[in-house]
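For reference, the structure is listed below as structure tokens.
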Amino acid sequence: MTATISDTELKARHRAMWATGDYPRMVDTFLTPLGHRLVDACRVTDRDRVLDVAAGTGNAALPAAARGARVTASDLTPELLDDGRRRAEAAGLQLEWTEADAEHLPFDDASFDVVMSTIGVMFAPHHQESADELVRVCRPGGRIGLLCWTPEGMLGGLFATMKPFMPPPPPGAQPPPLWGSEEHLRGLFGGLVEWTTLDRDTLEVAAFPEAHGYARHFTRFYGPTIAARANAVRNGAEQEFDAALDAFCEQWDLGTPGAARYEMQYLLAVGTRR
């Protein structure tokens, strides 16, 4: 009983975290290309039944629907799904939107041809439970596609920078960037998925004139950074947090004065469900 209550509280905190800030604005500013890249890699067609897990605003679900696929977008945070519905309506696209926990998907076994997630399922705290669910709802011979930030890349570095300012994770929770490790993926999926694509690539971000502007973008709009800074404020460490985030963005800046540029590394993984 205690474990159930604890898990319920954990998911409630995750839901609230992603509802803070303005994640849709982050999608519009620089994340939009990622959904198209995953849909391309999964070779989605109008014959496919597609599930986008932890879909957020539909960054991958919308381009899949634009190809004529029958798409279900699921996410733990209803506010993000509401934004996705508005985007779909504006684009004239038909999708099903379902509030769902990636660790307990409310779908039948083997009910989708393509099961995918773009920088989404990686944030569910219990990795094995999520991986098991992705496999369960994908039909044998179907495709599982994932696009996840890597531990060694910029977002892995961001979470390492924020870690000293965050409360200890609950028992069993694992760091999100592990999903961007080939070894971790193989361990999660065992022999149930034959990976045909395991490619590392980067998303180039050049939307900010200087590094500190990028740092402020995270603190204003990105739920995990907002939560980490709020915890730092509670502990009287907000100045240290802001300094650490500024230094982090300066360190990763590959641009020139007045034109910051970042390369955010991700792992693109596509495989066949055995």
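Ion pair E133/R136 flagged as a salt bridge, since at least one NZ, NE, NH1 or NH2 atom sits closer than 4.0 Å to an Asp/Glu carboxylate oxygen. A salt bridge links D82 with R85: the closest approach of a Lys/Arg side-chain nitrogen to an acidic carboxylate oxygen falls below 4.0 angstrom. Taking a cutoff of 4.0 Å between a charged side-chain nitrogen and a carboxylate oxygen, R15 and D101 do not qualify as a salt bridge. At a threshold of 4.0 Å, the pair R87-D83 counts as salt-bridged, since one of the basic side-chain nitrogens sits closer than that to a carboxylate oxygen. A salt bridge links E103 to K11: one of the charged nitrogens lies within less than 4.0 Å of a carboxylate oxygen.
When every heavy atom of P24 is checked against every heavy atom of L80, the shortest pair comes out as CD-CD2, 4.1 Å. Here the closest heavy-atom approach between residue D75 and residue A54 is recorded as OD2-C, 3.1 Å. Considering all non-hydrogen atoms of both residues, A102 and V121 come closest at CB-CG2, 4.0 Å. Nearest approach of N59 to L31, heavy atoms of both residues: ND2-O, 2.9 Å. When all heavy atoms are compared, the tightest approach of M122 to H127 is O-NE2, 4.0 Å. Between A100 and S74, the closest heavy-atom pair is CB-CB, 3.9 Å.
Residues L188 and V193 are not in side-chain contact: their nearest non-hydrogen atoms beyond the backbone lie 4.5 Å or more apart. Between V53 and L134 the shortest side-chain heavy-atom distance falls below 4.5 Å. Here the side chains of P224 and M17 are in contact, with some heavy-atom distance below 4.5 Å. Here the side chains of L158 and L155 are in contact, with some heavy-atom distance below 4.5 Å. For the pair N231/R234, a side-chain contact is recorded, criterion being any heavy-atom separation below 4.5 Å from C-beta on. Contact check for T272 versus I144: no side-chain heavy atoms found under the 4.5 Å cut-off. Side-chain contact between V115 and F107 is absent, with no heavy atoms from C-beta onward closer than 4.5 Å. No side-chain heavy atom of W179 sits under 4.5 Å from any side-chain heavy atom of L147.
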Could you pull out every donor-acceptor pair under 3.5 Å between side chains of residues 61-73 and any protein atom, sequence neighbours left out?
from: R67; atom 1: NH1; to: V44; atom 2: O; distance (Å): 3.1
from: R67; atom 1: NH2; to: D40; atom 2: OD1; distance (Å): 2.1

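Looking only at distances, no side-chain donor or acceptor of T161 sits under 3.5 Å from a matching main-chain atom of A244. Not one N or O on the side chain of N235 forms a donor-acceptor pair closer than 3.5 Å with the backbone of A232. No donor-acceptor pair closer than 3.5 Å links the side chain of R229 to the backbone N or O of F241. A donor-acceptor pair under 3.5 Å is formed between the side chain of T32 and the backbone N or O of V27.
Residue V205 is grouped with residue Y266 when hydrophobic side chains (ILVMFWY) are merged at heavy-atom distances under 4.5 angstrom, including chains of intermediate members. A chain of hydrophobic side-chain contacts below 4.5 Å, direct or via other Ile, Leu, Val, Met, Phe, Trp or Tyr residues, connects L185 to L38. Cluster membership for L267 and V270, using ILVMFWY side-chain heavy atoms within less than 4.5 angstrom, is not shared. Linking ILVMFWY side-chain heavy atoms closer than 4.5 Å, directly or via other members, places L198 and L34 in a single hydrophobic cluster. In this structure, L76 is not a member of the same hydrophobic cluster as V137, with clusters built from ILVMFWY side-chain heavy atoms closer than 4.5 Å.
Shown here is D108, whose CG atom has no more than 12 heavy atoms of other residues, nucleotides or ligands within 6.0 Å. Shown here is E89, whose CD atom has no more than 12 heavy atoms of other residues, nucleotides or ligands within 6.0 Å.
Atom CG in D48 sits 4.0 Å away from atom OG1 in T45 (nearest 0.5 Å). Annotation: the span from E79 atom CD to W18 atom CH2 amounts to 13.5 Å, rounded to 0.5 Å. Here CG of L192 is found 6.0 Å from CZ of R273. Values are rounded to the nearest 0.5 Å. Expressed to the nearest 0.5 Å, how far NE2 of H126 lies from NE2 of H104 amounts to 8.5 Å. Note that the OG1 atom of T20 and the CZ atom of R220 stand 13.5 Å from one another [nearest 0.5 Å]. Summarising the geometry, atom CG belonging to L95 is positioned 9.0 Å from atom CG belonging to D52; distances are rounded to the nearest 0.5 Å.
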- In sequence, state the C-alpha distance, the side-chain angles, and the governing distance for Y222 and H217, and then conclude on side-chain contact (heavy atoms from CB on, under 4.5 Å). CA-CA 7 Å; Y222 191 52; H217 195 80; over 6 Å; no
- May I have the step-by-step check of side-chain contact (heavy atoms from CB on, under 4.5 Å) for V114 and R49, ending in yes or no? CA-CA 6 Å; V114 178; R49 299 162 298 166; over 6 Å; no
- Hey, mind stepping through F159 and W149 against ring pair (Phe, Tyr, Trp, His ring centres under 6.0 Å) and telling me if it holds? CA-CA 11 Å; F159 279 89; W149 304 124; 9.8 Å; no
- Query: After noting the C-alpha distance and the side-chain angles of L245 and T219, does the key distance pass the side-chain contact (heavy atoms from CB on, under 4.5 Å) rule?
  - Reply: CA-CA 9 Å; L245 189 61; T219 56; 3.3 Å; yes
- Evaluation steps, ring pair (Phe, Tyr, Trp, His ring centres under 6.0 Å), between F221 and Y23: CA-CA 6 Å; F221 304 125; Y23 188 73; over 10 Å; no
- Task: Output, in order, the C-alpha distance, side-chain angles, deciding distance and verdict of ring pair (Phe, Tyr, Trp, His ring centres under 6.0 Å) for H14 and F123.
- Result: CA-CA 9 Å; H14 272 246; F123 291 100; 8.5 Å; no
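Note on residues 246-271: pairs passing salt bridge (charged side-chain N to carboxylate O under 4.0 Å, His left out), not counting sequence neighbours, are E204-R261, R216-D246, R261-E263.
When each of Y214, F30, W252 is paired with Y262, the ring pair (Phe, Tyr, Trp, His ring centres under 6.0 Å) condition holds for Y214 and for no other. With D113 as reference, R139 is the one residue of R47, R143, R43, R139 to meet the salt bridge (Lys or Arg N to Asp or Glu O under 4.0 Å) rule.
A donor atom on one side chain and an acceptor atom on the other are found under 3.5 Å apart for Q265 and T150.
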